[in-house]
Engineer: 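Right, I'll just put the structure down here and ask away after.
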Amino acid sequence: MVAAIINGKEIAAKKRLEIAKMVENLKENDIVPGLAVILVGNNAASRTYVTNKQKACQELGMNSLLIELPEAVSEKELLGKIIELNDNPKFHGILVQLPLPKHIDEKKVIETISPLKDVDGFHPVNIGRMMIGQDGFLPCTPFGIMILLEETGISVAGKHVVIVGRSNIVGKPLGQLMLNQHATVTYCHSKTKDLKLHTSQADILIAAVGIPNFIKAEDVKEGAVVIDVGINRNESGKLCGDVDFAEVSQKAGFITPVPKGVGPMTITMLLYNTVKAASESIHR
Ligand code: NDP
């Protein structure tokens, strides 16, 4: 079987058109959605991510602000900036690019962002809301994966979803979103025994591991839906996912490529969350 490709770039473009319309509607009410991004230090990958997020905001006619702080900034000063932004009505979303330098407590930073402006969906209040199926901000990568499946016409209800990876930003929340939509969920991680036993039973297999080409054809059930979250570089420096695309695409029913799979959806859902925050600010 040769897998159908789930084209994240195309689905993201379609979603961004919808978000652009939401931005126009808000502008008619004199609200320009705004995202403030705080970048600490000089990590090259973080800088690229932040630049892409800002560019995406500008393309949709949203305001974006970049606050750059030196690597040695104190935790107190960083928290102070967040508190200022919490009170600034021009910015509806606040994002602190992770990872942070070791002397700064990431947990404190996330918890200082107002849950009403937490467009990354990392604040415990938003995570808790997601757990019990209440409205809030959903973490962007898992949210984007749910939209990819929905737009491809793949229902998760009753399916066995196996997720390899249990990070707080991808694996764990994704499993909860799947469960909320009535999937049967299995989580796997570095301590899982006989990983293949689990992955080969998946109707929908998610790879969020961070190891290049980790999932091979023998790990996958014939006709399964395979979602590759990984963003890695192989030995020759080329971008690749956690799934061995060449092999697995000959066995799966659907597959996301890397690049142009999950990646474009993450920023798209960040834009969506910022517009949602702006639109909810009207009622406060
Ligand atoms: P983390 O490093 O936080 O988590 C990796 C997970 O994989 C952990 O749960 C770990 O298990 C598990 N793992 C590691 N080795 C194995 C193994 N041998 N067998 C089974 N499980 C294993 O990564 P993230 O969740 O942050 O990211 C995962 C990947 O997704 C990365 O490549 C990252 O770059 C990419 N990513 C892509 C995004 C996008 O927009 N497309 C967004 C975010 C991330 P344990 O918990 O036991 O340590």
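Residue numbers run from 1 in the order of the sequence given. All ligand and atom numbering here is 1-based and tracks the order in the structure.
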Engineer: Donor-acceptor pair, distance only, cut-off 3.5 Å: does the side chain of Ser200 make one with the backbone of Val220?
Structural biologist: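 Not a single qualifying donor-acceptor pair exists.
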
Engineer: Identify, for atom 24 (P) of ligand 1, the protein heavy atom at the shortest distance, and state residue, atom and that distance.
Structural biologist: Ser167 OG, 3.7 Å

Engineer: For atom 46 (O) of ligand 1, what is the closest protein heavy atom, and at what distance to 0.1 Å?
Structural biologist: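 Result: Arg166 NE, 2.7 Å.
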
Engineer: Please evaluate residues Ile94 and Asn86 with respect to the criterion side chain to side chain contact (heavy atoms under 4.5 Å, CB included), reporting the C-alpha separation (whole Å), side-chain torsions for both, the decisive distance (0.1 Å), and the verdict.
Structural biologist: CA-CA 8 Å; Ile94 303 170; Asn86 281 343; 3.2 Å; yes

Engineer: Of the protein's non-hydrogen atoms, which lies at the shortest distance from atom 47 (O) of ligand 1, and what is that distance?
Structural biologist: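 Checked against all protein heavy atoms, atom 47 (O) of ligand 1 sits closest to Ser190 OG, 2.6 Å.
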
Engineer: So if I count the atoms of ligand 1 from 1 in the order they appear, which ones are less than 4.0 Å from some heavy atom of Asn232?
Structural biologist: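 Taking each heavy atom of Asn232 in turn, ligand 1 has 32 (O) under 4.0 Å.
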
Engineer: Near Val164, which atoms of ligand 1 are under 4.0 Å from a heavy atom of that residue?
Structural biologist: 20 (C), 21 (N)

Engineer: Going from NZ on Lys172 to CE on Met130, what distance comes out if it is rounded to the nearest 0.5 angstrom?
Structural biologist: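 Going from NZ on Lys172 over to CE on Met130, the span is 10.5 Å.
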
Engineer: With only distance considered, is Lys191 within less than 3.5 Å of ligand 1 through an N or O on each side?
Structural biologist: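 For ligand 1, there is no N or O atom that lies under 3.5 Å from one belonging to Lys191.
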
Engineer: Just heavy atoms, cut-off under 4.0 Å: does Ile231 contact ligand 1 by side chain, backbone, both, or neither?
Structural biologist: both

Engineer: So which heavy atom in the protein is nearest atom 26 (O) of ligand 1, and how far is it from that ligand atom?
Structural biologist: Ile169 CD1, 3.8 Å

Engineer: Which one of Gly261, Pro212, Gly210 has a non-hydrogen atom at the shortest distance from atom 29 (C) of ligand 1?
Structural biologist: Gly210

Engineer: So if I count the atoms of ligand 1 from 1 in the order they appear, which ones are less than 4.0 Å from some heavy atom of Gly230?
Structural biologist: 29 (C), 30 (O), 32 (O), 35 (C)

Engineer: Only heavy atoms of Ala208, strictly under 4.0 Å: list the atoms of ligand 1 that pass.
Structural biologist: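 With Ala208 as reference, the close atoms of ligand 1 come out as 5 (C), 6 (C), 7 (O), 28 (C).
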
Engineer: Could you tell me whether Lys251 and Glu218 have a side-chain N and a carboxylate O separated by less than 4.0 Å?
Structural biologist: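 Result for this pair is no, no salt bridge flagged.
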
Engineer: Which residue owns the protein heavy atom closest to atom 40 (O) of ligand 1, what's the atom, and how far is it?
Structural biologist: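 The answer is Thr266 OG1, 2.7 Å.
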
Engineer: Just which atoms of ligand 1 are under 4.0 Å from any heavy atom in Gly165?
Structural biologist: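 Matching atoms, with element in brackets: 6 (C), 7 (O), 9 (O).
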
Engineer: Is the shortest heavy-atom distance from the side chain of Phe214 to the side chain of Leu195 under 4.5 Å?
Structural biologist: yes

Engineer: Quick check on atom 32 (O) of ligand 1 - does any protein heavy atom sit closer than 4.0 Å to it?
Structural biologist: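 Under 4.0 Å from atom 32 (O) of ligand 1, at least one protein heavy atom found.
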
Engineer: More than 12 heavy atoms of other residues, nucleotides or ligands under 6.0 Å from NZ of Lys108: is that the case?
Structural biologist: no

Engineer: Within a reach of under 6.0 Å around NE2 of His182, are more than 12 heavy atoms found that belong to other residues, nucleotides or ligands?
Structural biologist: no

Engineer: So which protein heavy atom does atom 36 (N) of ligand 1 come closest to, and at what separation?
Structural biologist: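 Scanning the protein heavy atoms, the shortest distance from atom 36 (N) of ligand 1 goes to Val229 O, 3.7 Å.
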
Engineer: Which residue supplies the protein heavy atom nearest to atom 2 (O) of ligand 1, what is that atom called, and how far is it?
Structural biologist: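 For atom 2 (O) of ligand 1, the nearest protein heavy atom comes out as Val209 O, 4.4 Å.
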
Engineer: When you look for heavy atoms under 4.0 Å from ligand 1, do you find them on the side chain of Ile211, its backbone, both, or neither?
Structural biologist: side chain

Engineer: Would you mind reporting whether Leu174 and Ile145 have side-chain heavy atoms less than 4.5 Å apart?
Structural biologist: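 A side-chain contact under 4.5 Å exists here.
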
Engineer: Can you spot which of Lys76, Glu75, Glu71 makes a side-chain contact (heavy atoms from CB on, under 4.5 Å) with Ile104?
Structural biologist: Glu75

Engineer: Looking at every non-hydrogen atom in both residues, tell me the closest pair between Leu78 and Val73 and how far apart they are.
Structural biologist: N-CG2, 4.4 Å

Engineer: Val156 and Met146: which non-hydrogen atoms are nearest, and at how many Å?
Structural biologist: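 Shortest heavy-atom separation between Val156 and Met146 comes out as CG2-CE, 4.4 Å.
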
Engineer: Looking at ligand 1, would Gly263 count as a contact under a 4.0 Å heavy-atom criterion?
Structural biologist: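 The answer is yes: ligand 1 sits under 4.0 Å from a heavy atom of Gly263.
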
Engineer: Cation-pi check for Phe91 against Lys117: NZ or CZ below 6.0 Å from the six-membered ring centre and within 45 degrees of the axis, yes or no?
Structural biologist: no

Engineer: Under 3.5 Å, is there a donor on one side chain and an acceptor on the other for Asn232 and Asp242?
Structural biologist: yes

Engineer: For atom 17 (C) of ligand 1, which candidate among Tyr49, Tyr187, Phe214 holds the nearest heavy atom?
Structural biologist: Phe214

Engineer: Can you report which non-hydrogen protein atom sits closest to atom 43 (C) of ligand 1, along with the distance?
Structural biologist: Val170 CG2, 3.8 Å

Engineer: Short list, please: which atoms of ligand 1 are under 4.0 Å from a heavy atom of Val262?
Structural biologist: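 Matching atoms, with element in brackets: 41 (N).
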
